[in-house]
Amino acid sequence: MASGAPPEPQRILRTPWGELRPLVDLLPLWYLLVLYAVVYFLPFGMFESWRKGEDGPAEWLQFFGFAGASLFSFVVAWKRRRSFPALPLLAWLLLGLFCFVLAGEEISWGERLTGVGIEAVRHINAQEETTLHNIPAFQGLMHFGFIFFGLLFGWIGWRFFPGIDALPARRFSLYFLPVALFYTYFDLSWLSHGERIRNDQEAIELMMAAGLFLHTRFSAFRAAPSPLRSPAAGSAPGRQHDSGGR
């Protein structure tokens, strides 16, 4: 990657209390604010259909987000196939495959649209459809998976593995960490005092799909990394630093 690209202007938020210079994208916080301060109070069950609905808008947006992330991941791997070391290239291929599987699982691999599925999978599936995540053997791992990948994409990746740029940069942290937090609290609420929060899974999981889409799109169309990948202001753009996030 080129290291001499001109830095992007730092975003400044001016508030009555002074200026804020965030190192992360704040759009996920605005999404949660609008979701629970506006959509929550809308009539006609709009919040219900958004937060947890089969074939609802959030589920389809997840499909497009994961599908786009898969495509962009393979684009990055193809464009950098000759210059990449083996491990970073493999990471992009694995990310592309990961997002491809998530996209297919979101819409049951098109079964509800076409009626075509695999009978052997339907027979052992909790919803009698062709998906892996609704097979009892995998269902128990779903929440743990969202917690793990939420932490991997939102913190562990940029903090401990800055040389693997298939893992999202620090600027995208807030698309993933709330997902891990939601499922952690949801599971702990069951272990302690019963169900204490609703399972707004589709609305929350959408954040991860959006984060992966934006991360992969950014990487596919930009030759140089963002300055938000650098651990400290004033450092040269690049991924070779590891003192606080790239």
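The first residue in the sequence is number 1, and the count goes up from there. Only a predicted model underlies this, so the values are computations on that prediction, with no experimental measurement involved.
- Between F149 and F98, the distance from one ring center to the other falls under 6.0 angstrom.
- Rounding to the nearest 0.5 angstrom, the gap separating the OG1 atom in T216 from the CZ atom in F74 is 11.0 Å.
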- Task: Apply side-chain contact (heavy atoms from CB on, under 4.5 Å) to F172 and L212, showing your working.
- Result: CA-CA 9 Å; F172 299 111; L212 288 173; over 6 Å; no
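- By the 4.5 Å heavy-atom criterion applied to side chains, E59 and Q201 are not counted as neighbours.
- With values rounded to the nearest 0.5 angstrom, H215 atom NE2 is found 7.5 Å from F176 atom CZ.
- Put simply, CZ on F144 and OG1 on T184 are 10.0 Å apart, with the number rounded to the nearest 0.5 Å.
- Note that CG of D200 and CD of E205 are 10.5 Å apart. Values are rounded to the nearest 0.5 Å.
- The closest donor-acceptor contact from the side chain of R81 to the backbone of W78 lies under 3.5 Å.
- By the rule that hydrophobic residues join a cluster once side-chain heavy atoms approach within less than 4.5 Å of another member, L71 and L95 end up as members of separate clusters.
- Between W155 and the choices F161, F148, F160, the ring pair (Phe, Tyr, Trp, His ring centres under 6.0 Å) rule is met once, by F160.
- Between the side chain of S73 and the backbone N or O of A69, at least one donor-acceptor pair lies under 3.5 Å.
- M142 is listed as a side-chain neighbour of F146, based on a closest heavy-atom distance under 4.5 Å.
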- Start with the C-alpha gap between I204 and L32, add the side-chain angles, then the distance that decides, and say whether side-chain contact (heavy atoms from CB on, under 4.5 Å) holds. CA-CA 9 Å; I204 300 299; L32 291 175; 4.1 Å; yes
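- Below 30°, between 30° and 60°, or above 60°: for F186 and F182 the angle between ring planes is below 30°, a parallel geometry.
- Linking Ile, Leu, Val, Met, Phe, Trp and Tyr residues whenever their side-chain heavy atoms come within less than 4.5 Å leaves L181 and Y175 in two separate clusters.
- The aromatic ring centres of F47 and Y36 sit less than 6.0 Å apart.
- In this structure, I147 CD1 and L152 CG are separated by 13.5 Å, a value rounded to the nearest 0.5 Å.
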